[in-house]
Amino acid sequence: MADLALAGLRWAASPIVNELLTKASAYLSVDMVREIQRLEATVLPQFELVIQAAQKSPHRGILEAWLRRLKEAYYDAEDLLDEHEYNVLEGKAKSEKSLLLGEHGSSSTATTVMKPFHAAMSRARNLLPQNRRLISKMNELKAILTEAQQLRDLLGLPHGNTVEWPAAAPTSVPTTTSLPTSKVFGRDRDRDRIVDFLLGKTTTAEASSAKYSGLAIVGLGGMGKSTLAQYVYNDKRIEECFDIRMWVCISRKLDVHRHTREIIESAKKGECPRVDNLDTLQCKLRDILQESQKFLLVLDDVWFEKSHNETEWELFLAPLVSKQSGSKVLVTSRSKTLPAAICCEQEHVIHLKNMDDTEFLALFKHHAFSGAEIKDQVLRTKLEDTAVEIAKRLGQCPLAAKVLGSRLCRKKDIAEWKAALKIGDLSDPFTSLLWSYEKLDPRLQRCFLYCSLFPKGHRYESNELVHLWVAEGFVGSCNLSRRTLEEVGMDYFNDMVSVSFFQLVFHIYCDSYYVMHDILHDFAESLSREDCFRLEDDNVTEIPCTVRHLSIHVHSMQKHKQIICKLHHLRTIICIDPLMDGPSDIFDGMLRNQRKLRVLSLSFYNSKNLPESIGELKHLRYLNLIRTLVSELPRSLCTLYHLQLLWLNHMVENLPDKLCNLRKLRHLGAYSSYTHDFVNEKPICQILNIGKLTSLQHIYVFSVQKKQGYELRQLKDLNELGGSLRVKNLENVIGKDEAVESKLYLKSRLKELALEWSSNNRMDAMDILEGLRPPPQLSKLTIEGYRSDTYPGWLLERSYFENLESFELSNCSLLEGLPPDTELLRNCSMLCINFVPNLKELSNLPASLAYLSIDRCPLLMFITNNELGQHDFRENIIMKAADLASKLALMWEVDSGKEFIRSVLSKDYSSLKQLMTLMMDDDISKHLQIIESGLEEREDKVWMKENIIKAWLFCHEQRIRFIYGRTMEMPLVLPSGLRRLSLSSCSITDEALAICLGGLTSPITVELEYNMALTTLPSEEVFEHLTKLDSLIVRGCWCLKSLGGLRAAPSLSYLNCLDCPSLELARGAELMPLNLARNLSIRGCILAVDSFINGLPHLKHLSIDVCRSSPSLSIGHLTSLQSLHLNGLPDLYFVEGLSSLHLKRLSLVDVANLTAKCISQFRVQESLTVSSSVLLNHMLMAEGFTAPPNLTLLDCKEPSVSFEEPANLSSVKHLKFSCCETESLPRNLKSVSSLESLSIEHCPNIASLPDLPSSLQRITILNCPVLMKNCQEPDGESWPKISHVRWKSFLPIPNWLP
C-alpha cells in the first residue's frame, strides 16, 4: 500500500493516461501511435507493482520525481490536445466542416477514437503547424513512459507481472443515511451520563450569572465523538429540556465571525445574512438567546492549544446568555486542553474510551455485511471469522471500522477480506482511509481529491459536484452504453457515498445535501495540496505554483493579484462568496493570464456586463454566472467552443445569435438566486437554431415560433434532452408533418413533458398531438390548451406508457372524459384536471391514485340518490341562498381594491355560463349578461353591485334546481388510498361530500373551492375516522353556513376559511378542533366579538383578512399564538387580550381605525409589518416597545414615509418596502444604525435612494424600473450609495417571461 505522497500522484500512471493517448492518436502518425500503444501495453499495467516495490526501496525519491514529471507532462499534453480540438471546433463553426475530418464518425471530436490514417497521410499530418507542439509534447510523454522500464529494472521486478487497476463499477444509490447516525453502537452509557449532566441541577455560580456551563467529549480522531454528540443532541430528553439547540462545527481554526453567523443560522433554522460587522452579528445572537429559557450549544471538533489566543474564544462566546440558568455548551475535541471561556471543569471532561469488543465487532459487521444477503453459509462463516480478526486490528477506531467495513461489503470475497488483514496499522484512521482510497478507480480518486477545494463543513450537492467533475475531465465516457457523462459521474458519487466518503443529511428547511467527515477532508487535503488550494485568508502570501484548482473565500482577488497571476497552469476558479471586485478587474487584471481555465464560477454584484475578453478562455467548459448581476452577454461568448455548461442569472434577456455554435453545450439555464442556498430555475429566452446544440440535456421551456430557426423541428436531433420539457405555442406548428419531424418519441431520457397550445388553435390540433407522440418512458405528461374532442391514437393504446405516474389535462375545452382505457393510467398516482368545461363524468380512476385535483369542470355535479328530487330540501337551500344578498353587499363594502368578491364572481360566472348551456333559458342569459357587464365595469357603484348580486342569485337558484332535479345520481367514488383531494369550481352536495370523504382511509389534505352547492361540512362521525387529515382549505363557498363536525378531526393542524360570507363564526373557536395548532386563516367572512373565545389553546398562527367584524375582537385565549396578521378590517377598533400574548410576528395592514391605546399595547419579538408610517411611529413612541429586527412597510398609500424616532429603530436589521405607492424613502434612513439588508419590491414611484447606513450588507430591488435604472453602475444617480454593498440583487420582471 502506497504512502500519502505516492497515493496523491498515482492516478497519473493509471488508465487515465491511456485515455489521453487514445484521444491524441487521432492526430498522430501511425508510427507514433504504435509506439505509444506498445508502452501502454507494457508499462502501465505493471505500474502498481512498481509503486509497491519503490516505496520500500532507496529509490522511492526517484519514483516520486518521475511521477511528478509524468503528471506535468500529462497536463501539458492534455492542454495542447485541447487547443488542437478547439481549432477543429472553430473550423466547424465557421465552415460547418472539420478542418481535417469529414462529418463521418461521432459529433464530438474529444471522444472519437480515430482509426490511424495511411502511412503516407500520417507523415504529412506531422508537418501541420498546429500538430507540431502536440507531437513534441507526446514525444516527451513517450520518453517519460520509457523511463518507467528503466525504473522497473532498477527495482529488479520481473517482466510480465501485472496488477489490475480497480474498476469503477456503477453502483446504485445506497440506502439513505442522515445525521444523526441512524444506528449507534456501544455508546448508550456515555449518552446517558452526558444527558444526566446536561439536565442536572445548576450550580450557584451558574445561577447567579445566568450563563452556561460546559462539558467536553475528548478522544482521538475517528473515535466517534461527533456521533456521540449527535446521539445526545437528538435525545428526546434534551429536545424537551432546551428550547433552543444549536450545532456548529468549528473544524480546527476558530473564525469568530463565520462561526457566530453559523450559530445564528442553527438557532433560527435558516440562513443568516452575510454581515461584516461582528458587533452587529453578536448583538443579533445575544438577542436571540435572551429570548430562550435555556439553550444547548454543541461545538463540534474544537482544536485548541495553550499557544492559541484565549481572547478570541472569550469574544466568540460572549453573547451566550439566556433567561434562565442551566444553559449548556457541549464540546467535542481531540485535545483535553480547552479554552477557559467554555467554562468546562476538569471533572466535566469525558475521555471517550474504547468500545466494548462485542459492540465494536457489531459496528464493523453492521457495515461489512450490509447489502445483499450472503446465501452461501460456508462463505458467510469464513467471512464472519475473518471479520473477527479484522476488527481486532482496527484499534477500536469506529471511523476505520465504518470506512473499511463499507469498502469490504461491496466485495464479499474471502481473498479480498484476507488481503485487508495484511494492511499495516489499521488502528490509524489514515491507514484504513488510504487502503479504501486506493481501492477506488483512479478516476474516482481524482474526483475525491477535488472535493478538498471546498471548505470544511461544506454542503455538497451531488449534481453540482458531478457537473464540475465532468467539466474538469475527471469522468470517463462509457462507450458500451448510451449513458451520459453525468450519469457515469453520479455513479462515481454514489460509489463514494457507499464507502462512507460522503454522508447524506436531510434538512427540513432546504434540500438535502451531503457532508464529508473532517478526517476525510483532512485526508483529501493532504493528498491534493499540490493541485488544490483554498484562498481563505487575506494574509496568504504564496500559493504553490503547481496548483491547478483554486477556490476563493476572500472579499477581493485584487489583494492577491500577484500570487494568482503566477499560477500559469490554473484550471479552476470557484468563488465561494461574492467578490467586491468588478468584472474588468477580474478579467483584465487576472483572468487574461489564466488561459487554461476550464471552470469559472463567479460571484460579484458590481456590474451587469461580462467583458469581451471572456472569449479568450478557449479551454473553458463551465461558466456559472448565477450569483452575479450580469444581464448582457458579449458576442465573444459564442467562441468558447469547448463550453459544456452555461448557467446565467435570470436577468439575461437576450442571448447572442451564434450561441448555437457551442456544439458541446450540455447544460444551459437561467436561475434566480435569493440566498446562498436557494436557486430557482427560470425560463430562458429562445435560442436561434437551437437544433444544432445536439449535446444539450435540458431545456426549461421551448416556445415554438413560425420564424426560421425557432420552429418545432429544431427539437429533431436534441435526443439527449432529459428531465422536464415544456413545449409552448403549439398553435404555431404548421401541421402533423412538422410535429412528427420533432421526433419527441426518440427522447428517451425525458421524464416530464408538457405540450401547450397558448391560443385558439386550428381544427388540426388532434393531428398535431398525434404527431407529438412522446417517449413511452415518461413519468409525467401534461396537455394544455388542446382543442379537440378526440384523443390521439397513442393515448388510446392501453400499454403505451411504461410507468406514467402523473397525468394532467388543462384548458382542454372539448374533451368530455378521460382516456377510456383504464390500463393507460394504471400507474398514475397524480391526476389533475383543470378547466375541462365539457367533462361530464369521472370514471376509470386508477386504483393507485394518491392526489386528485379537479378545477373548473362545472358539468361535474356530484349528488346522491337520496338527495335527488327532494323538493323541500332544494327550496330550503334556495331560501338560505337568498340571505346571501345582504352579506355579499356588506362584504363588498370592504372588498374595494382587494377584488376577492370579483375574483369569486368571475370564476363562478364561467361555471354558470357553461352550465346554463344545458338549460337554454332566455332569462338566465339576460342575468348572465348583467354579471358579465358588471365584471367588465371597474367602478364599484352601489347600484351596480346590487344588480350583480341579484343576477347571480337568480342564476344560482336555477343551478340548484337543475342539480337536484337530475334523474340520475352521480356519487364521487375515489380510490380509498387517496391522500390529497382538491375540488374546485365543480358542484358537490353535502351528502355526496360526506360519502366521498367517508370512503377514504388516509387523506392528508382536502381543498374545497368555489363550490356553491355546499351548505355544511360532514358530520363528526365522518371527521372522526379521518385520523391523518392535517390540512383543510375551504375557499369561495358562498353558501357554506356550518363547519359541521369539523371539531372531531383528530389531527387537523391547518385550516383556511376564505371568502365564505355565510359561515357562522360566532363562538367559532369552539367549532374547530381543540388541537388546531399550525395555522388558522380567515378571509372574507363575518366575525363576532367572541369568535376566538374558549378554544384553540395550541394555535400558533392567526390571519384575518378583509372581514367584517365587531368593533372589538378578543384573542387573549390564544395563549400559544406566535404570529398575528390583521389586514383590511375597517370595523376593528380594539384587540383585547394582547397582554397575555408573546408574539414573534405581527402584521397590521389597512387597519386604520385601531385606537392609539390598542396600538401601544402590541409587542413583537421578530418581525413587524405595517401599512402606515403613522401607525409605526405610534408604536415606536409607546413605552416599553422595542422594534423587532425585521420591519416591513407593505401596501403603504402615503406619498412619503418618515421615521420620526430613528433611534428607536436601532434594533432593526432587515427593512423591506413592498407594494407601496410612496415616492421617497425616509431621508433619515442612514440613522437606522444596525441595518443589514434593505429590500424594495414593487414600488414603482420610488426613483432614488437616500444615504444608507454603513452597516448595510445586502440590497434587493425587485420590479422598480426607475429606481433600478438609477442604481446601475457606473453612472446611476444612486450607484455611489450602494457601490460598497457586497450583496446586490436587481430583479426586474423580464419582458420575455410567459
Side-chain angles (χ1 to χ4, degrees), residues 816 837-842 854 856-889 901 904-932 934-935 946-972 983-996 1008-1018 1034 1036-1042 1044 1059-1063:
E816 296 185 2
N838 276 309
L839 190 70
K840 295 182 174 66
E841 62 175 359
L842 197 63
I854 303 172
R856 289 181 291 173
C857 300
L859 300 190
L860 286 180
M861 293 171 281
F862 302 109
I863 187 170
T864 65
N865 194 52
N866 188 48
E867 292 171 306
L868 292 176
Q870 289 193 7
H871 181 268
D872 293 342
F873 183 68
R874 182 186 67 191
E875 294 305 315
N876 186 37
I877 293 175
I878 292 172
M879 287 179 63
K880 290 179 179 178
D883 297 338
L884 257 179
S886 60
K887 292 178 179 177
L888 286 174
I901 297 282
V904 178
L905 266 175
S906 178
K907 284 182 175 293
D908 200 46
Y909 166 74
S910 298
S911 297
L912 286 168
K913 189 175 181 182
Q914 185 69 18
L915 189 60
M916 296 311 166
T917 57
L918 303 178
M919 302 172 65
M920 303 298 291
D921 188 304
D922 290 340
D923 285 344
I924 295 174
S925 298
K926 291 176 184 176
H927 286 86
L928 284 174
Q929 184 61 46
I930 293 172
I931 297 173
E932 183 179 14
L935 290 172
E946 292 176 353
N947 287 343
I948 293 174
I949 291 171
K950 288 178 182 177
W952 178 84
L953 283 171
F954 177 85
C955 294
H956 175 61
E957 289 173 5
Q958 306 312 309
R959 168 170 50 194
I960 293 298
R961 289 191 172 96
F962 182 76
I963 292 171
Y964 281 86
R966 290 165 60 103
T967 57
M968 288 183 61
E969 69 169 348
M970 190 166 83
L972 179 56
L983 300 176
S984 178
S985 295
C986 58
S987 298
I988 185 166
T989 60
D990 297 345
E991 190 172 300
L993 177 64
I995 293 175
C996 169
L1008 305 169
E1009 300 182 343
Y1010 312 110
N1011 185 341
M1012 300 304 178
L1014 201 61
T1015 65
T1016 182
L1017 295 184
V1034 184
C1037 299
W1038 277 359
C1039 298
L1040 182 69
K1041 293 180 69 70
S1042 171
D1059 307 319
C1060 299
S1062 299
L1063 194 59

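No experiment lies behind these values; they were computed from the predicted model shown. Values below: all heavy atoms of this structure, side chains included; hydrogens, waters and symmetry mates excluded.
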Exercise for review: Please lay out, stage by stage, how L993 and L1008 fare under the test side-chain contact (heavy atoms from CB on, under 4.5 Å).
Suggested key: CA-CA 10 Å; L993 177 64; L1008 305 169; 3.7 Å; yes
**Study point:** Sequence-distant partners of K840, salt bridge (Lys or Arg N to Asp or Glu O under 4.0 Å), two or more places apart
**Key:**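 If we apply the salt bridge (Lys or Arg N to Asp or Glu O under 4.0 Å) test to K840, skipping adjacent residues, the hits are E816.
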Indicate yes or no: at least one non-hydrogen side-chain atom of [X] is less than 4.5 angstrom from one of [Y].
{"X": "Q914", "Y": "N838", "answer": "yes"}
{"X": "I930", "Y": "W952", "answer": "no"}
{"X": "L953", "Y": "H927", "answer": "no"}
{"X": "M861", "Y": "L915", "answer": "yes"}
{"X": "P971", "Y": "I995", "answer": "no"}

For the atom pair [atom1] ([X]) and [atom2] ([Y]), what is the distance rounded to the nearest 0.5 Å?
{"X": "E991", "Y": "L868", "atom1": "CD", "atom2": "CG", "value": "10.0 Å"}
{"X": "N1011", "Y": "S984", "atom1": "CG", "atom2": "OG", "value": "9.0 Å"}
{"X": "I924", "Y": "E957", "atom1": "CD1", "atom2": "CD", "value": "11.0 Å"}

Closest non-hydrogen atom pair between [X] and [Y], with its separation:
{"X": "P837", "Y": "L859", "value": "O-CG, 3.3 Å"}
{"X": "I949", "Y": "A889", "value": "CD1-N, 3.8 Å"}
{"X": "S906", "Y": "L935", "value": "CA-CD1, 3.9 Å"}
{"X": "C1060", "Y": "G1036", "value": "SG-N, 4.2 Å"}
{"X": "I948", "Y": "G934", "value": "CD1-CA, 3.4 Å"}

Check your understanding: So with a 6.0 Å cut-off around NZ of K907, is the heavy-atom count from everything else above 12?
Key ->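 Counting other residues, nucleotides and ligands, NZ of K907 exceeds 12 neighbours.
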Review point. Between T1015 and D990, does any side-chain donor sit less than 3.5 Å from a side-chain acceptor?
Key: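 Per modelled atom types, T1015 and D990 side chains form a pair under 3.5 Å.
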Check your understanding: Hey, are N866 and E969 close enough side-chain-wise for a donor-acceptor pair under 3.5 Å?
Key ->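 Side chains of E969 and N866: no pair found under 3.5 Å.
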Check your understanding: When you look at Q929 and K926, which way does the side-chain contact (heavy atoms from CB on, under 4.5 Å) test go after all the steps?
Key -> CA-CA 5 Å; Q929 184 61 46; K926 291 176 184 176; 5.6 Å; no
Review point. Ion pair present between D908 and R959, side-chain N to carboxylate O less than 4.0 angstrom?
Key: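 Salt bridge: yes.
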Exercise for review: In sequence, state the C-alpha distance, the side-chain angles, and the governing distance for L972 and L983, and then conclude on side-chain contact (heavy atoms from CB on, under 4.5 Å).
Suggested key: CA-CA 11 Å; L972 179 56; L983 300 176; 3.8 Å; yes
**Study point:** Derivation and outcome, side-chain contact (heavy atoms from CB on, under 4.5 Å), residues M1012 and I963
**Key:** CA-CA 11 Å; M1012 300 304 178; I963 292 171; over 6 Å; no
Point to revise | Exam field: side chain S1062 to backbone W1038, donor-acceptor pair closer than 3.5 Å | key: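 Confirmed, S1062 side chain pairs with W1038 backbone.
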